[in-house]
Amino acid sequence: MTTHWILGPGAIGRLLAHSLAPLVDVSVIGRRALPSRQLLTAPEGKVRVQHLTSLTAKQLVADAPEPPAFVHITTKAMAAEAALSSISSVLPSSTSLVLWQNGFYAQPRITQTWPGPVLCATTTQGAYLTGDDGVVHAGRGPTFVGDLDNQHTGLAEALAALLSEAGLTASAVPDIRSRLWQKLAVNAAINPLVALHGVRNGELRGDAYSGRVMAVVQEAVAILTKEGVLPPNGGEGDAAWLALVWQVVENTANNKASMLQDVEAKRLTEREAILGPLIECAERYGLRCEVLKGLDQELALLEARF
Ligand code: KPL
């Protein structure tokens, strides 16, 4: 049986662990150990109990177990590099990594520095935690897997096949870079606004917010076009990007976005991984990004109070 380590026992990490556990040997690694008896509530409401191996990074390093075939990093974007460093002493440098972060921060940094294959995954599976022993799989959606330099197509195909067999429908794609930026653009249009105003995603459709959503999309599209990112779904121009954003708002109308959940829990948000790369590109290309900068500053002020 191949071994998969899942570094970061958040909602996506635990969903992945529950899904893969019947097929491969899985260990969940975090800063603190979780109870081994874990519950998964499926989108249809059925609850499944599974015993998962959970270790702290310190325990893992002390035990020095056989290296895994894959390490999935499912931490928040800004924590990914530190999480990897915490176990790298027991990882051969040829180990395959899979990065599940939002934004476009951890992916290029780890791809440049890790000697082995680095796959990136982007998913629209919805999941949230209900405590130390429970995760709810709130909604199904596709997962796309690939590497930024298209050098590991076979590995991405093998992983996508395994994920699909585990019930998390996945495809290997040659354009993961564009797909990561497309998700980033959607997150930039939705997450900061809902997090700052404490509203669910669907509220963005109203007059109070829709103009601000469009302003973010307009700035983001100008930046992404310069960066060579293709519009989503084979469409063209601002209209394709806006259509995607409104479609996600509609599909997730009742959701509390991850950034709002972070603000409510007084955790640092993913603003640096979502707004940061857009602002950095805008500055590099000499493009205006007042709206994006304004949101970033408002979030920074809010985080400073935590
Ligand atoms: O990805 C999301 C998030 O919450 O981070 C969206 C798509 C905005 C859904 O809430």
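Counting convention: from 1, in listed order, for ligands and their atoms alike.
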Distance, nearest 0.5 Å, that separates CD1 of I176 from CH2 of W181: 14.0 Å
Donor + acceptor pair across side chains of E270, Y105 (<3.5 Å): no
P108 backbone acceptor or donor facing T111 side chain under 3.5 Å: no
For atom 8 (C) of ligand 1, closest protein heavy-atom neighbour: N191 OD1, 3.1 Å
Minimum-distance protein heavy atom relative to atom 5 (O) of ligand 1: S258 OG, 2.5 Å
Structural part of T124 in contact with ligand 1, heavy atom criterion under 4.0 angstrom: neither
contact_flag V186 ligand 1 heavy-atom lt 4.0 Å: no
Salt bridge (Lys or Arg N to Asp or Glu O under 4.0 Å), paired with E298, selected from K293, R305, R212: R212
Distance from atom 6 (C) of ligand 1 to nearest protein heavy atom, with residue and atom: N187 ND2, 3.9 Å
Pair T269-N191, side-chain contact (heavy atoms from CB on, under 4.5 Å): steps then yes or no: CA-CA 10 Å; T269 70; N191 291 13; over 6 Å; no
N or O contact, N201 vs ligand 1, cut-off under 3.5 Å: yes
Interfacing atoms of ligand 1 (cut-off 4.0 Å, heavy-atom, V248): 7 (C)
H72 and W100 aromatic ring geometry - parallel, tilted or perpendicular at 30°/60° bounds: tilted
For A257, atoms of ligand 1 separated by under 4.0 Å from a heavy atom: 4 (O), 10 (O)
